[in-house]
Every structure is written in C-alpha cells, then in structure tokens.
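In what follows, a structure is listed as structure tokens, so that the remarks can point back to it.
When reading the values below, keep in mind they use all heavy atoms of this one structure, side chains included, and skip hydrogens, waters and symmetry mates.
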Amino acid sequence: MANPVIMPQVGQDVESGFIGEWFVKEGEYVEKGDIIASIESEKATFDLEVYESGHILKILFEPGEEVKTLEPVAYIGEKGEAVPDDGESDSVAEKTEGRNTTEDGSKETATQKNSSRVFASPSARRVAKEQRISLDGIEGSGPGGRIVKKDVLAAAEDDGATRIEKPSIAEEIQEESLATDLEIPFTKMRKKIAERLILSKQTIPHFYLFIDIDMTAALEWRAVFNKNATVKITVNDMIVKSVAASLEKYPRLNAHVIENKIVQRKDINVGVAVSIDDGLIVPVIPKANEKSLSEISATSRKNTEGARQGVLKTPAVGTFTISNLGMYAISGFVPIINPPECGIIGIGKIDKKVVVRERNSIGFADVMNVSIACDHRAVDGSYAAQFLNSIKDYLEKFDQKLKE
C-alpha cells in the first residue's frame with residue numbers, strides 16, 4: 001500500500017496550508033529529502049519534503065487549494081502500488097479532466113471555481129495593502145492563477161488599477177481612537193491562536209508537575225565546550241538533547257491523542273516554540289534523539305531564523321514541544337499543550353540559589369525550574385514525574401550522559 005505525504009503542522013495555531021506549486025509530476029521518482037512542493041500558510045512559506053524514496057503515485061490537490069494539516073496531499077510508493085480510495089481523493093489529473101467548462105467552451109480554472117476567494121501570496125497581500133490596491137481584478141501569474149508580488153507591482157503602475165479609497169481624516173481619527181482606546185480586533189494569527197488554545201484548554205484534561213534542576217555542572221561544561229567550538233551550544237540545545245533522550249525512555253509521552261485512542265509516534269520530533277510578530281510558531285527538530293548536540297544546535301538556529309523571516313523548511317510532524325521563557329527572566333510558568341500532542345515542558349530562567357550540599361554544607365547552585373503539562377487521558381502523574389526526573393538526571397550529569 002502506498003504511503004501518504006501529509007500537510008505538515010508548522011505551528012500550534014496553523015490548521016491548514018495552501019499548495020503553492022508542485023515541483024514533481026505523477027509517476028516521477030523522488031529521493032528521500034527531495035522538495036516536491038511549496039506550501040503557504042498565514043505565517044510562512046515553506047518547502048514540502050519527502051521522507052522516503054519512491055514514485056509519486058497520486059497528487060491530490062492543485063496549486064491554490066487549501067488542505068488541512070496532517071491530511072494527505074499526495075501518495076508515494078513503488079510503481080503499481082495501490083492508493084487508498086476514500087471517495088474524495090481524486091488526483092489532480094482526474095480533477096482536471098472532470099472540470100466544468102464555461103459558456104464559451106473554455107476550461108474553468110481553479111481560481112474561477114473559487115471566485116469567492118482571492119488567491120494571493122502573503123507578500124502580494126502586503127504590497128497591495130501598502131499600495132492601497134484591490135486584489136479583485138488582478139490576474140495572477142503564479143501557480144494555479146495565484147496572485148504574486150510582481151502582479152501587484154505591475155497593477156500599481158497601471159493607471160487603470162482599482163484603488164482602495166483612502167479614508168477621510170475624520171475616519172482615520174475615529175479608527176485610531178477605536179483601536180487605541182476601545183478595542184483592538186484580532187489579527188488572523190491571533191484569532192487562530194485563540195481558537196487553538198481554547199480547544200486545548202476545553203478538551204484536554206491538563207495536569208502539571210514542577211521540578212528544579214541544578215545546572216551548575218552543565219553550564220561549566222558548556223563554557224569549556226564553546227571556547228573552541230565552531231558551533232556554539234545554547235542551554236536550549238542541551239534541553240532539547242535531554243528531552244529527546246528522555247522520550248526514548250518514556251515513549252508514552254511521545255504520542256498524539258486522536259479521538260479515543262493514543263497514537264505512539266515512532267520518530268521523536270521535538271518542537272521548540274518561537275515568538276514571532278504577534279504570534280507563536282513551533283518549528284520542529286526531526287528525529288532529535290538521533291542528532292548530535294551540534295546538529296541540534298544548527299537545526300534549531302535555522303528553524304528560528306526561518307520562522308522569524310517567514311520561510312521554513314518543512315519539518316516533520318511534532319510529537320513533543322518545549323517552550324522556553326527563561327531569556328525573559330521568567331522563573332517558571334504553566335504551558336498549554338499543543339494538540340494532538342500529549343505533553344509540553346516550560347523552561348524558566350536559571351537562578352543562583354543557596355542549596356544544601358553533602359554533609360549539610362551550604363553552597364550556591366545555578367538552578368532552573370522546569371514544568372510539564374500533560375494530557376491525563378494519555379499519561380498519569382507517576383509516569384510524567386519519572387520523565388521529568390530523567391531530564392533532570394541528564395542535565396545534571398550532562399558530560400557523562402553524552403558519552404554513554
């Protein structure tokens with residue numbers, strides 16, 4: 001049976017994406033790691049990568065079409081393999097053959113079929129807003145008739161372009177007053193974040209645990225390592241490494257809760273929350289347990305930069321999330337689970353604290369508070385407690401654990 005290529009989930013509030021452009025055709029052979037399509041969301045544009053070699057047996061959506069996250073967009077496998085038939089997975093070729101024609105006999109395009117929606121790239125919408133140009137009536141030159149930036153710029157130079165009337169001074173003052181003093185409407189991103197987190201808090205029975213971790217030895221090791229290292233290691237990289245290693249020991253936390261079942265994931269794909277303008281996105285480090293510390297650091301830096309620039313390489317589906325607010329001087333906090341995952345940890349700042357050492361001696365230690373939120377449908381408190389203690393053990397004996 002052929003395997004699905006799914007629409008990845010690149011953020012906790014991203015529920016769908018648009019097919020930008022296909023770089024392959026049905027029947028074409030691709031290698032593991034090849035980029036087969038571009039995907040657009042409200043937050044970013046990223047590449048769709050395949051994680052196995054094989055033939056593209058079926059492409060399910062055309063450029064410009066919207067697909068829910070974690071849903072198949074294509075099927076890959078060996079030539080002749082069967083493709084699931086759920087009654088709704090006609091290939092692009094089949095969809096094209098079955099298109100209606102217009103009154104003059106010409107083929108009806110995807111844009112015409114979806115005339116109620118203007119398909120435009122994020123950069124095109126931004127330029128249109130700046131130039132006060134209506135996207136209605138602009139002919140798109142992108143895949144599937146999508147309006148791209150150059151189309152808007154060309155329309156801006158055309159005297160016949162439809163301009164959005166500039167509001168009067170009185171209207172501007174009124175709008176500014178309303179936005180400043182009375183209400184600030186949700187942006188699309190904040191609306192999706194709100195919907196996603198409400199879903200999480202209303203449907204997932206959260207429970208929380210907290211632990212203090214002595215980071216003194218880990219910080220000393222990091223300082224020595226970074227003196228001669230080409231790739232500098234951050235505390236967050238060390239946390240990702242310890243979390244991934246602990247998920248190998250406690251796999252029930254490396255799972256998704258879907259309807260009335262727990263789906264334990266084979267790969268350990270650790271998501272690290274990244275703050276962007278007016279929102280949050282969670283780029284994923286695929287198979288983090290198989291990566292070296294330097295590889296984790298390089299991937300994490302690349303993900304963070306891509307998220308903040310609005311361009312991401314396609315990650316795998318996240319299986320567990322880390323949210324770190326320590327850099328903002330936050331001592332500790334209670335995170336919200338990113339569904340369908342069943343756990344998330346929150347990282348607080350590292351504080352210098354007085355501790356009792358061996359033989360009741362008093363000393364100082366660099367202590368970090370870590371919290372975990374778990375889905376009680378999937379795991380119980382004792383299991384989560386053992387997982388947290390595994391992370392603690394790994395970080396407090398970091399140099400030793402790396403050699404194991």
Side-chain angles (χ1 to χ4, degrees), residues 4 6-17 41-44 66-73 86 88 185-211 243 246-247 250-276 278-284 307 315-325 330 332-347 370-388 391:
I6 66 170
M7 172 66 73
Q9 184 178 33
V10 295
Q12 66 177 27
D13 55 325
V14 177
E15 298 178 349
S16 63
S41 73
E42 293 183 356
K43 292 187 173 183
E66 185 175 10
V67 187
K68 291 183 178 180
T69 57
L70 309 183
E71 291 292 325
V73 296
D86 58 7
E88 297 181 355
F186 276 171
T187 61
K188 288 183 178 180
M189 186 182 299
R190 294 257 37 115
K191 184 177 180 181
K192 284 188 174 293
I193 289 174
E195 292 171 350
R196 186 82 174 173
L197 296 185
I198 288 172
L199 172 68
S200 178
K201 291 295 286 185
Q202 288 184 341
T203 63
I204 298 176
H206 288 60
F207 72 86
Y208 309 97
L209 301 175
F210 304 85
I211 199 167
V243 168
S246 297
L247 286 170
Y250 298 94
R252 280 162 51 192
L253 276 161
N254 192 63
H256 288 172
V257 179
I258 301 175
E259 296 179 350
N260 294 319
K261 61 184 176 182
I262 301 168
V263 181
Q264 191 168 301
R265 296 300 182 182
K266 177 183 176 183
D267 294 334
I268 295 175
N269 304 324
V270 178
V272 180
V274 176
S275 174
I276 60 176
D278 197 35
L280 182 73
I281 196 167
V282 187
V284 171
V317 177
T319 58
F320 193 88
T321 298
I322 297 171
S323 181
N324 190 342
L325 294 178
I330 299 301
F333 65 101
V334 176
I336 300 175
I337 295 171
N338 177 20
E341 296 171 15
C342 64
I344 179 173
I345 63 171
I347 308 297
V370 176
S371 60
I372 186 169
C374 294
D375 187 337
H376 221 323
R377 296 173 299 176
V379 295
D380 297 322
S382 61
Y383 192 86
Q386 292 175 70
F387 172 70
L388 269 188
I391 296 173

How far apart are the C-alpha atoms of Phe210 and Leu388, what are their side-chain angles, what is the distance that settles it, and do they pass the side chain to side chain contact (heavy atoms under 4.5 Å, CB included) test?
CA-CA 8 Å; Phe210 304 85; Leu388 269 188; over 6 Å; no
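At distances below 3.5 Å, not a single donor-acceptor pair connects side-chain atoms of Tyr208 with backbone N or O atoms of Val334. Between the side chain of Ser200 and the main chain of Pro339, no donor-acceptor pair closer than 3.5 Å is present. His206 places a side-chain N or O within 3.5 Å of a backbone atom of Ile337 that can act as its donor or acceptor partner.
Contact of the Cys374 side chain with the Tyr383 side chain is not registered, since no non-hydrogen atoms from C-beta on lie closer than 4.5 Å. Between Val370 and Ile391, the closest side-chain pair of non-hydrogen atoms is not below 4.5 Å. The shortest side-chain heavy-atom distance between Ile322 and Val270 falls under the 4.5 Å cut-off.
When all heavy atoms are compared, the tightest approach of Val257 to Cys342 is CG2-CB, 4.0 Å. The shortest heavy-atom contact between Phe333 and Gly346 is CZ-CA, 3.5 Å. The minimum heavy-atom distance linking Phe207 with Val379 is given by the pair CE2-O, 3.4 Å. The two residues Pro8 and Thr69 have their closest heavy-atom pair at O-CG2, 3.6 Å.
Every residue meeting the side chain to side chain donor-acceptor pair (under 3.5 Å) condition with Arg265, not counting sequence neighbours, appears here in chain and number order: His256. Looking at residues two or more places apart in sequence or on another chain, you find a side-chain contact (heavy atoms from CB on, under 4.5 Å) between Ile262 and Ala255, Ala378.
Residues Thr319 and Asn269 bring no donor and acceptor atom of their side chains to less than 3.5 Å of each other.
Of the candidates Val243, Leu247, Asp267, Asn254 forms a side chain to side chain contact (heavy atoms under 4.5 Å, CB included) with just one, namely Leu247.
Residues Tyr250 and Phe320 keep their aromatic ring centres 6.0 Å or farther apart.
Rounding to the nearest 0.5 Å gives a distance of 11.0 Å between CD1 of Ile204 and CD of Gln202. The CD atom of Glu66 sits 12.0 Å away from atom CD of Glu71, with the distance rounded to the nearest 0.5 Å. Taken to the nearest 0.5 Å, the CD1 atom of Ile345 stands 9.5 Å off from the OG atom of Ser323. Atom CG of Leu70 is separated from atom CD1 of Ile258 by 7.5 Å, given to the nearest 0.5 angstrom.
The salt bridge (Lys or Arg N to Asp or Glu O under 4.0 Å) pairs that include a residue from residues 374-383 are Asp375-Arg377, where partners are two or more places apart or lie in different chains.
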